[in-house]
Amino acid sequence: MGYNFNEIEQKWQQRWKENKTYRVVENVDKKKFYVLNMFPYPSGAGLHVGHPLGYIASDIFARYKRLQGFNVLNPMGYDAYGLPAEQYAIQTGQHPAITTEQNINRYREQLDKIGFCFDWDREIRTCDPEYYHWTQWAFIKMFNHYYDNNTKCCKPIEELIEKLSKEGSAGIDAACTQEVDITAEEWNTMSENEQQELLMNWRIAFLNETMVNWCPQLGTVLANDEVVDGVSERGGFPVVQKKMKQWCLRVSAYAQRLLDGLDKINWTDSLKETQRNWIGRSEGTEMQFHVKDSDVTFTIFTTRADTIFGVTFMVLAPESELVATLTTEEQRSAVEQYIDRTKKRTERERIIDRNVSGVFTGSYAINPITGEEIPVWVSDYVLSGYGTGAIMAVPAHDSRDYAFAKHFGIEIRPLIEGCDVTDESFDAKEGIMTNSPTTAFASCKLNLNGLTVKEAIAATKKYVTENGLGRVKVNYRLRDAIFSRQRYWGEPFPIYYKNGIPYPIPEEYLPLELPEVEKFLPTESGEPPLGHAKKWAWDTKNNCVTEKRNIDNTTIFPLELNTMPGFAGSSAYYLRYMDPRNHQSLVSKEADEYWQNVDLYVGGTEHATGHLIYSRFWNMFLFDLGVSVKEEPFQKLVNQGMIQGRSNFVYRIKDTNKFISLNLKNNYDVTPLHVDVNIVSNDILDIDAFRAWRPEYSDAEFILENDKYICGWAVEKMSKSMFNVVNPDTIIEKYGADTLRLYEMFLGPLEQSKPWDTNGIDGCHRFLRKLWNMFYDKDDNFIVTDEEPTKEELKSIHKLIKKTSEDIPVFSYNTTVSAFMICTNELSTLKCNKRSILEQFVIVLAPFAPHICEELWEALGHNTSVCDAQWPAYNEEYLKEDTIKYTISFNGKARFTMDFAADADREYIEKSVLDDENSKKYIEDKPIKKVIIVPKKIVNIVF
RNA sequence: GCGCCUGUGGCGAAAUUGGUAGACGCGCCAGACUUAGGAUCUGGUGUUGAGAGACGUGUAGGUUCGAGUCCUAUCAGGCGCACCA
C-alpha cells in the first residue's frame with residue numbers, strides 16, 4: 001500500500017474544512033501576522049500550474065508563522081469585476097454574474113485541492129454589494145475631501161468652502177487641477193452651480209474634461225497603465241486620444257508621499273525603482289515669458305535653468321490653449337492644419353513616427369533675463385500633460401530641441417566650455433558654463449561663466465526667484481487616475497446629477513447596487529451600458545433608486561452611467577479582510593488596530609505601477625481620514641517569478657503521417673508540431689495517447705530511438721495554443737498536492753521566472769515516500785519506536801531545524817526542500833525510527849507538505865492538528881563537531897586536509913601544521929611570512 | 001536613450017562578513033534485486049590527464065595570502081520607463 005497520497009489528502013482537506021482548522025479570530029493575547037496574496041481574477045480558463053506558486057509560498061510562510069505561535073491572517077477572495085466576463089456577456093448574453101460565479105467555483109475547487117490554510121470565512125468578492133458598499137463609500141469620501149499641501153493631509157471640502165467664502169483662494173495651498181485666483185467676494189456671488197463646478201478643481205475624486213485613452217473596440221477609456229505600446233493591455237486593440245468628461249482621482253496630490261513612503265517599506269529595490277520611475281519626480285524652475293506686443297504671459301518648466309542664454313525658440317504642445325492666442329493671422333491656417341493632423345493620429349502612430357514636425361505660431365516671446373525675442377513654435381514633441389505644456393528650447397543641450405532646430409534651421413548656441421554641437425547636442429549636466437551674454441544685453445545682471453552646471457542651475461534659480469520671474473517647482477510624471485469606465489460589469493458610482501452637477505447619494509443609503517440591463521452593449525446614443533437600465537434614477541425624497549421615466553429633475557435625478565475601473569475594488573481589499581462582515585464600517589477600529597497592515601504581500605510584478613500605486617494612494621487617503629492606522633499597507637512585498645510553459649514538439653516528416661524522434665530528425669525534412677505536454681513525460685511521448693489525441697493522428701506511424709519517441713522542447717509562454725498548459729489537478733492526481741507544493745518551491749528561487757518542467761518532480765515525490773518508509777515498513781506496520789535518539793540522529797535533525805528556521809524567513813524555499821532531502825537521506829541511512837526525531841521532522845516539514853505531515857502526526861499519536869504544534873528550537877550543542885577538517889594551503893593553494901579537535905587552539909594548529917611531514921614538502925626551506933588561520937576552515941601558509 | 005537585475009556542469013540550481021566551487025534534485029553510467037518495470041536500492045558523475053596534477057563561475061584587467069562573491073572596463077540576456085523639457 002505505502003504512501004497513498006490521494007486518500008490522505010482528501011481525508012485531511014475534509015477534516016480541515018469540518019474543524020475549521022484555519023479559522024482565525026482577533027486575539028489580543030497573541031501576536032498577529034498578516035499574510036496576503038494578490039487576489040485572483042477568476043478567468044474562465046481555470047488555474048494553471050503557475051498561478052499557485054505565490055499562494056504556496058505565502059501558505060508556507062503563514063503555516064510557519066502559525067507554528068511559531070503567531071495569530072496568522074491568511075485570507076483569500078476574488079477580484080470579480082473585469083472585462084473578460086463582460087466581453088463574454090456581450091457575445092453570449094450570459095450575465096457576467098453567472099459566469100463569474102461559475103469561474104469562482106472552479107477556482108475554489110482547484111485551490112482546495114492544493115491544501116491552503118486560507119480562512120475561507122473571510123472570503124470577499126469585489127462584485128458583492130456587501131463589499132463594494134465600501135468602495136463606493138471611499139469614493140464619496142474622496143469626493144468630499146481635498147488635499148491640503150501645508151498639512152500634507154486631506155481635509156473635508158467644507159473647510160475649503162469656508163476659506164473661499166472668507167478669504168478667497170489667497171489662503172489656499174491645495175492640490176488642484178488648475179491654479180485659480182478668486183476673491184471671497186467673487187466666490188460668494190457665484191451661483192450654486194458655479195461654485196460646485198469650481199470645487200471640482202480641488203476634490204480628490206473629481207470630474208474633469210481630459211484627454212483620455214479611448215479604446216473604440218472595447219468602448220471604454222483606459223488608465224495609462226492599462227495601455228501598453230499604444231494598444232489596450234487586454235485584447236491589444238488600438239487606443240486613441242479623446243477629450244472626455246471623466247471621473248478622476250487626484251493621485252498626483254500624494255506623489256511626494258508615495259515617493260517618500262517607499263523608503264519605509266521592505267520591497268525589492270527594482271520594484272521601488274519602478275515606482276519611483278512612474279512617479280517621476282523632477283525638480284526644476286518655472287519661468288514666465290511675456291509675449292512680444294501683447295499682455296499675454298505663459299509659464300514654462302525646465303530642469304536646466306542654467307541654459308536660459310541658449311534658448312533660441314519656444315515650443316507649445318498642440319493641445320495647449322495658448323496655441324490659439326499666440327497664433328497670428330498669417331500663420332493661422334498652417335497651425336490649424338498641423339493641429340488637425342496631430343489630433344487624428346493615435347498614440348501608437350505618434351510613438352512610431354518620431355519625425356520632427358512643427359509649425360511657427362507667428363508670435364515671439366521675450367527672454368525674461370536677456371530681453372531677447374524668441375520665436376514660439378508648436379510641435380507634438382511637447383506633451384500637454386507634463387509641466388505646463390510649453391517649453392523653452394535649448395538646442396545645444398537637449399537632443400530633441402537639437403533635432404528640431406536642425407530641421408528648421410534655428411540657431412544652436414552652446415553654453416558649455418569645449419562642447420561640440422556640430423553633430424549632436426551636449427545633454428550631459430556637466431562642464432563649465434560659458435557664453436553668458438555679459439555685455440550684449442544691458443538688462444542682464446546674471447553671469448554664469450565659469451560656474452559648473454550644478455552651480456549655474458542654483459544661481460539661475462536664485463536670480464529668477466529674487467527678480468520675480470518665476471519659482472522653483474517640483475514636477476511629477478504621475479498623473480491623476482482616470483476613474484470612469486464605460487462598462488457594465490463594475491462598481492456603479494454613488495452619484496446622481498442635478499442640473500448637470502454631480503452629487504453623492506447619502507452614505508447611509510449605500511450600497512447603490514448594480515442594476516439589471518437588457519444588453520451589455522452601449523446604447524444607440526453612445527451611452528454606457530447602464531443607459532439600458534430602466535431602474536436607474538435617484539429619488540432624493542425617499543432616498544432610493546427608482547425608474548428612469550420618473551426623472552423630474554426636482555426630486556428625482558439621473559444616476560451616473562459610468563462604472564468604476566478594475567483597480568477600484570482591489571485598492572482596499574486588504575482592509576476588508578480584517579473585518580469582512582462588518583455592516584457599519586469598512587473595518588472596525590479594533591480589527592484595524594489589531595491587524596494593522598499586511599506583513600507579507602505576495603504577488604506578481606505586473607501590478608508594480610497599477611494596483612500597487614493605487615492601493616498605496618487609497619490607503620494613504622484612508623490613513624488621513626483615520627480609518628487605517630498605517631500609512632503604508634504592505635510592509636514586505638515578495639514578487640514571485642512567472643512560470644513559463646515548456647512546450648513539447650513532435651516532428652512530422654513532410655507530406656506523411658510519420659513522426660520521427662528528436663535525435664533522428666536531421667536527415668529528414670520535418671515540420672515541428674506542438675504536442676500536448678500532458679501526454680509527454682520526461683520528453684518521452686505516450687504514443688497511444690498521441691494517437692487518441694486527435695483523429696488525424698489515429699494512424700500515425702513513428703520512427704523511434706531506443707524504443708522511445710523523444711520530443712523536442714522550447715520555453716514559451718504558458719498558453720492554450722501552445723498546448724503547454726499544465727493543470728495542477730493533473731499533477732495532484734499523479735503525485736499528490738504535497739509533491740506539487742514541494743516541487744514548485746524546489747524549482748528555483750521564488751522571485752525568478754522559470755519554465756515549468758516536470759523532469760524533476762519524481763525526486764520530490766521520492767522524498768515523501770522515503771519519509772513515509774521511515775514510519776511504515778513494506779507491510780504497512782508502524783515501526784516508530786520510543787528509543788532514545790543517538791548523537792548522530794540528533795545532529796541531523798537539529799541541522800535541519802536550524803536550516804529551516806533560517807531559510808524560511810528569507811523565502812529560500814528551494815534550499816529548504818534540499819535540506820529536507822538531505823536529512824531524510826541521513827536518517828534513513830542511520831535507519832532512524834525514533835519518535836522524538838521524526839516528530840520534529842514532521843513539524844518543520846508541515847508548512848511545505850501539510851497533508852502527509854498531518855497523517856504522520858496523527859500516526860505518532862497526536863489528536864490535535866500539526867498546525868497547533870510548536871516550532872522546535874535547535875540546540876547548537878548537537879551541531880558541534882568533535883573534529884574539524886582544516887584545509888592546508890600554501891600561498892593560497894589548497895594542498896591537503898588535516899583533522900583537529902574542535903577545541904584545538906590556533907597555536908596548536910599552527911605548530912602541528914608546520915611540523916607536519918606533508919607541509920615540509922611544500923615549505924622546503926622557504927622563509928614563512930605569516931600563517932593565516934580561518935577558524936574551522938583553513939590554514940594558509942604564506943611565504 | 002535612462003534606470004534596475006542576471007550570467008556557475010548535460011539541465012534546475014547551492015555556496016554566511018571574501019575562506020578555497022558545483023550542496024540537493026533531474027539526467028547519465030555501473031552494479032544489486034527482480035513473476036523486466038517509466039519500480040526500488042547501492043556506488044559513480046565539472047573538464048582534461050594513465051597518474052601526481054593542471055584548468056575551471058560570460059570576457060579582460062585590478063585589489064588580496066585567498067575572489068563566483070569586492071573594484072574597473074566590456075559582452076550577452078531579461079525587466080521597467082521612455083519625445084517627462
Side-chain angles (χ1 to χ4, degrees), chain A residues 2 229 268-282 284-285 300-305 307 315 317 350-351 354 356 379-383 385-394 397-401 403-404 427 475-479 605-606 608-609 639 641-642 681-684 686 708 713 742-743 746-749 751-755 757-764 766-767 769-770 773 778 806 812 814-825 828-829 886-895 929-943:
Chain A
D229 291 333
T268 60
D269 289 339
S270 77
L271 185 56
K272 285 186 187 178
E273 204 51 40
T274 303
Q275 290 221 336
R276 287 193 190 104
N277 252 324
W278 190 260
I279 295 166
R281 184 182 201 273
S282 122
T285 316
I300 59 95
F301 174 79
T302 180
T303 52
R304 292 295 300 273
T307 59
V315 188
R350 246 169 107 159
I351 290 167
R354 288 202 178 169
V356 176
S379 175
D380 65 1
Y381 84 87
V382 173
L383 307 174
Y386 185 77
T388 60
I391 63 155
M392 63 178 215
V394 185
H397 302 294
D398 182 286
S399 51
R400 294 149 303 172
D401 299 344
F404 194 88
D427 290 15
N475 250 323
Y476 300 91
R477 204 184 69 91
L478 183 71
R479 310 224 197 136
T605 6
E606 65 273 19
T609 53
N639 288 123
M642 275 233 274
S681 175
N682 290 354
D683 291 335
I684 299 163
D686 179 338
K708 290 168 191 162
W713 60 275
L742 278 167
Y743 184 58
F746 188 62
L747 222 42
E751 295 90 341
Q752 229 167 68
S753 282
K754 54 232 157 188
D757 177 354
T758 47
N759 283 348
I761 198 165
D762 290 314
C764 289
R766 212 167 284 154
F767 151 67
R769 280 220 303 266
K770 273 187 199 166
N773 291 338
K778 268 185 231 130
E806 283 168 357
S812 189
N814 50 337
T815 55
T816 313
V817 178
S818 296
F820 288 133
M821 292 174 175
I822 294 168
C823 187
T824 318
N825 288 343
S828 62
T829 308
Y886 278 78
T887 304
I888 315 301
S889 299
F890 300 90
N891 275 343
K893 291 223 174 208
R895 293 296 170 176
K929 264 196 206 145
K930 57 180 164 177
V931 178
I932 294 157
I933 300 178
V934 180
K936 298 181 185 177
K937 292 228 161 144
I938 291 156
V939 180
N940 190 15
I941 296 152
V942 184
F943 37 68

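Hydrogens, waters and symmetry mates are skipped; everything else that's a heavy atom, side chains included, is used. Residue numbers start from 1 in every chain, and the chains themselves are labelled A, B, ... in the order their sequence lines are given, proteins ahead of strands.
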| query | Looking only at side-chain N and O atoms, does A/R477 come under 4.0 Å of OP1 or OP2 in B/C81? | reply | no
| query | Are OP1 or OP2 of B/A85 and a side-chain N or O of A/Y381 less than 4.0 angstrom apart? | reply | no
In whole angstroms, how far is the [atom2] atom of [N] from the [atom1] atom of [X]?
{"X": "A/K929", "N": "B/G66", "atom1": "NZ", "atom2": "P", "answer": "10 Å"}
{"X": "A/L271", "N": "B/C81", "atom1": "CG", "atom2": "P", "answer": "12 Å"}
{"X": "A/I932", "N": "B/G18", "atom1": "CD1", "atom2": "C1'", "answer": "12 Å"}
{"X": "A/D762", "N": "B/U40", "atom1": "CG", "atom2": "P", "answer": "8 Å"}

Once you apply a heavy-atom cut-off of 4.0 Å, does [X] come out as touching a base, just sugar-phosphate, or nothing?
{"X": "A/R281", "value": "nothing"}
{"X": "A/P755", "value": "nothing"}
{"X": "A/K770", "value": "sugar-phosphate"}
{"X": "A/D757", "value": "nothing"}
{"X": "A/I938", "value": "base"}
{"X": "A/N277", "value": "base"}

[X] side chain to [Y] main-chain N or O, any donor-acceptor pair under 3.5 Å?
{"X": "A/N940", "Y": "A/G892", "value": "yes"}
{"X": "A/T758", "Y": "A/I761", "value": "no"}
{"X": "A/Y886", "Y": "A/K936", "value": "yes"}

| remark: Classified by glycosidic angle (syn within 90° of 0, else anti), B/G68 comes out anti
| request: Please tell me if the side chains of A/M642 and A/T605 come closer than 4.5 Å, counting only heavy atoms from C-beta onward. | output: no
| request: Sort out the partner of B/U35 for me: Watson-Crick or G-U wobble, both distances under 3.5 Å, none otherwise. | output: none
| Hey, does the side-chain of A/N759 have a donor or acceptor N/O within less than 3.5 Å of a partner on the base of B/C26? | no
| request: For nucleotides B/G43 and B/G7, find the distance between their C1' atoms and express it as a whole number of Å. | output: 34 Å
